[in-house]
Amino acid sequence: MGTVVVTDEQVRRAVPMAEAVDAVRRAFTDLAAGAFEIPVRTVLGDGAHLAMPVHHRPTGTAIVKTLGLNFDRAPAITGTVVWSDPRRAHTLAADAGTLTTLRTGAASGAATDLLAPPGARRMALIGAGGQAADQVRAVHTVRPLAELTIASRTRERAEALVAALAAEMPGVPMRTAPDPASAAAGADIVACATTAVEPVLRAADLPGRVHVNAVGSFRPAMRELDDDVLASSAVVVDDLGAIMEEAGEVLHALETGAITRADLVELGHALRRGPPAGRCGRTVFKSVGVAVQDWAVARLLADRFL
């Protein structure tokens, strides 16, 4: 008996983004079918520490992820994901930072594949932090990009991300924009991966037909999208229980009456039943992250390393 430790590089080599998207998509449909035992994650220190367990009933497998978050350091996300299977003598442990960015991107990829128009090819990315690159990789996996525009509070970070992604995606024109509104103006797909406490995008900043992935805010006091964006869009969320505890923009829009709880559709149900009808051609996927995503990627790692 023992623990097999998987490094960041091994995670990247073992799990291509396309496989991660497929695995996370299946996990969300399983979640909708009641296949997971998943408590709302434990949040300590005003979000500085998180613990996320989940159990997959059909296989008896489980993971526990622990995270430490500090966006004033690099990397911002540290922690461990531990996979256990009662049929196996070994457990598996992986660094939570790489796995978290990969699975967060994969969820956006699954949502984009469901909600974005088939011809969507122009992407705007708001934010250039640790989550940003995998948001682009995931969208590019399901909607091969013809154009990418990045806006960040720090221009140097946006330029560095353009340089890194350009090496991975030759032939895709990339540029920086001075602000979120300028980046989003001509986009088919927008990804927000920021730590904003005030909205970075308003409805007036967006085209009439657009899909938005909002993955940055994960505390009630954080908001990336204003009420009008949600009110003018069909809103899909990763998990309603987690959203009602943590998603600042959703909680704010509910409090002001811009939307109602009935307006929120969980991704797993949308995958099983079909996407909700858009308002004004707009769709939003709001994610705070749920442990089934980590389980899905950890399962791929267990299949390869155990």
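Heads up: numbering here begins at 1 and tracks the sequence.
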Peer 1: Could you list the donor-acceptor pairs under 3.5 angstrom formed by side chains in residues 20-28, with sequence neighbours left out?
Peer 2:
from	atom 1	to	atom 2	distance (Å)
Asp22	OD1	Arg25	NH1	2.7
Arg25	NH2	Asp113	OD2	3.0

Peer 1: Taking atom types as modelled and ignoring hydrogens, do the side chains of Arg73 and Thr78 form a donor-acceptor contact shorter than 3.5 angstrom?
Peer 2: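 Yes, because at least one side-chain N or O of Arg73 sits under 3.5 Å from a partner of the opposite role on Thr78.
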Peer 1: Does a donor on one side chain sit under 3.5 Å from an acceptor on the other, for Thr7 and Asp95?
Peer 2: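 No pair is found: no donor N or O on one side chain lies under 3.5 Å from an acceptor on the other.
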Peer 1: Val139, Leu206: one ILVMFWY side-chain cluster at the under-4.5 Å cut-off?
Peer 2: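 The answer is no; the residues belong to distinct hydrophobic clusters.
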Peer 1: Among side-chain atoms of Thr3 and Thr91, is any donor-acceptor pair under 3.5 angstrom?
Peer 2: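 There is such a pair between these side chains.
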Peer 1: Does the Ser233 side chain pair with the main chain of Leu230, one donor and one acceptor, at a distance under 3.5 Å?
Peer 2: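 No.
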Peer 1: Please determine if Arg12 and Asp134 form a salt bridge, counting it only when a charged side-chain N lies under 4.0 Å from a carboxylate O.
Peer 2: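 Between Asp134 and Arg12 there is a salt bridge, with a charged N closer than 4.0 Å to a carboxylate O.
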Peer 1: Determine, using the 4.5 Å side-chain heavy-atom cutoff (strictly less than), whether Met222 and Leu69 are members of one ILVMFWY cluster.
Peer 2: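 Linked within one cluster.
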Peer 1: Below 4.0 angstrom, N of the basic side chain to O of the carboxylate: do Arg304 and Glu19 qualify?
Peer 2: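 Salt bridge between Arg304 and Glu19, a charged N being under 4.0 Å from a carboxylate O: yes.
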Peer 1: Report yes or no: do Ile63 and Val15 belong to one cluster of Ile/Leu/Val/Met/Phe/Trp/Tyr joined by side chain heavy-atom distances under 4.5 Å?
Peer 2: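 Both belong to a single hydrophobic cluster.
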Peer 1: Can you name the one residue among Ile150, Asp205, Val190 that meets side-chain contact (heavy atoms from CB on, under 4.5 Å) with Ile126?
Peer 2: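 One option only clears the test, and that one is Val190.
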Peer 1: When hydrophobic residues are tied together by side-chain contacts of less than 4.5 Å, even through go-betweens, does Val82 share a cluster with Val11?
Peer 2: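 Shared cluster, no.
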Peer 1: Can a donor-acceptor pair be found between the side chains of Thr176 and Glu159 at a distance below 3.5 Å?
Peer 2: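 Glu159 and Thr176 do not have a side-chain donor-acceptor pair below 3.5 Å.
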Peer 1: Backbone N or O of Pro207 within a donor-acceptor pair of the Arg282 side chain at under 3.5 Å?
Peer 2: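 Yes, the answer is positive, given that a donor and an acceptor are paired below the 3.5 Å cut-off.
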Peer 1: Under a 3.5 Å distance rule, please check whether Gln131 uses its side chain to pair with a backbone N or O of Ala193 as donor and acceptor.
Peer 2: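 Pair absent, no side-chain N/O of Gln131 close to backbone of Ala193.
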Peer 1: Between Arg219 and Gly248 (side chain of the first, backbone of the second, donor and acceptor by atom type, cut-off under 3.5 Å), is there such a pair?
Peer 2: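 No, the answer is negative, given that no donor and acceptor are paired below the 3.5 Å cut-off.
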Peer 1: Measure the CG-CE distance between Leu148 and Met169 for me, rounded to the nearest 0.5 Å.
Peer 2: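 With rounding to 0.5 Å, CG (Leu148) is 7.5 Å from CE (Met169).
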Peer 1: Please confirm whether the backbone N or O of Phe285 pairs with a side-chain atom of Asn213, one donor and one acceptor, at under 3.5 Å?
Peer 2: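 Not at all, since once roles are kept as given, no pair shorter than 3.5 Å links the two residues.
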Peer 1: Which is it for Arg261 and Met244 under the side chain to side chain contact (heavy atoms under 4.5 Å, CB included) test, yes or no, and what are the steps along the way?
Peer 2: CA-CA 9 Å; Arg261 186 163 175 155; Met244 295 301 295; 3.8 Å; yes
Peer 1: Looking only at atom types and distance, does a side-chain atom of His211 sit under 3.5 Å from a main-chain N or O of Leu115, one as donor and one as acceptor?
Peer 2: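 Looks like no, no N/O pair under 3.5 Å.
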Peer 1: Can you confirm whether the side chains of Gln293 and Thr104 place a donor and an acceptor under 3.5 Å from each other?
Peer 2: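 The answer is no; no qualifying pair exists.
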Peer 1: Under a plain distance cut-off of 3.5 Å, with no hydrogens placed, do Trp295 and Thr61 share a side-chain donor-acceptor pair?
Peer 2: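 Looking only at side-chain atoms, Trp295 and Thr61 do form a donor-acceptor pair, the distance falling under 3.5 Å.
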Peer 1: Indicate yes or no for a side-chain donor-acceptor contact from Arg143 to the backbone of Ala116 under 3.5 Å, with no hydrogens or angles considered.
Peer 2: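 Flag set: sc Arg143 to bb Ala116 pair under 3.5 Å.
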Peer 1: Does Glu168 form a salt bridge (charged side-chain N to carboxylate O under 4.0 Å, His left out) with Arg137? I'd like the steps, not just the answer.
Peer 2: CA-CA 9 Å; Glu168 294 183 31; Arg137 294 175 183 126; 2.7 Å; yes
Peer 1: Honestly curious: do Met17 and Leu301 fall in one hydrophobic cluster under the side-chain, below-4.5 Å linking rule?
Peer 2: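 Yes, it is one cluster - the side chains of Met17 and Leu301 are joined through contacts under 4.5 Å.
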Peer 1: Would a distance-only check, ignoring hydrogens and angles, find a side-chain to backbone donor-acceptor pair under 3.5 Å from Ser182 to Pro178?
Peer 2: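 It does not hold such a pair.
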Peer 1: Using atom types as modelled, flag every donor-acceptor pair under 3.5 Å from a side chain in residues 35-53 to any protein atom, sequence neighbours excluded.
Peer 2:
from	atom 1	to	atom 2	distance (Å)
Glu37	OE1	His55	ND1	3.4
Arg41	NE	Glu246	OE1	3.1
Arg41	NE	Glu246	OE2	2.9
Arg41	NH1	Val288	O	3.2
Arg41	NH1	Gly289	O	3.3
Arg41	NH2	Glu246	OE1	2.7
Arg41	NH2	Val288	O	2.9

Peer 1: Taking the side chain as everything from C-beta on, heavy atoms only, tell me whether Val284 gets closer than 4.5 Å to Val229.
Peer 2: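 Yes, close enough: below the 4.5 Å cut-off.
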Peer 1: With a 4.5 Å limit on heavy-atom distance, are the side chains of Arg88 and Trp83 in contact?
Peer 2: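 Yes. Closest side-chain heavy atoms under 4.5 Å.
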Peer 1: Can you see whether Ser152 engages Thr154 through a side-chain donor-acceptor pair at a distance of less than 3.5 angstrom?
Peer 2: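 Distance-only check fails for Ser152 and Thr154.
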Peer 1: Just checking, is any N or O donor in the side chain of Glu224 or Thr194 under 3.5 Å from an acceptor N or O on the other one?
Peer 2: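 The criterion, which ignores hydrogens and geometry beyond distance, is satisfied for Thr194 and Glu224.
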Peer 1: How long is the gap from CZ on Arg202 to OG on Ser232, to the nearest 0.5 Å?
Peer 2: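 Going from CZ on Arg202 over to OG on Ser232, the span is 13.0 Å.
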Peer 1: Kindly compute the distance separating NZ (Lys286) from SG (Cys192), expressed to the nearest 0.5 Å.
Peer 2: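 Between Lys286 NZ and Cys192 SG, I get 9.0 Å after rounding to 0.5 Å.
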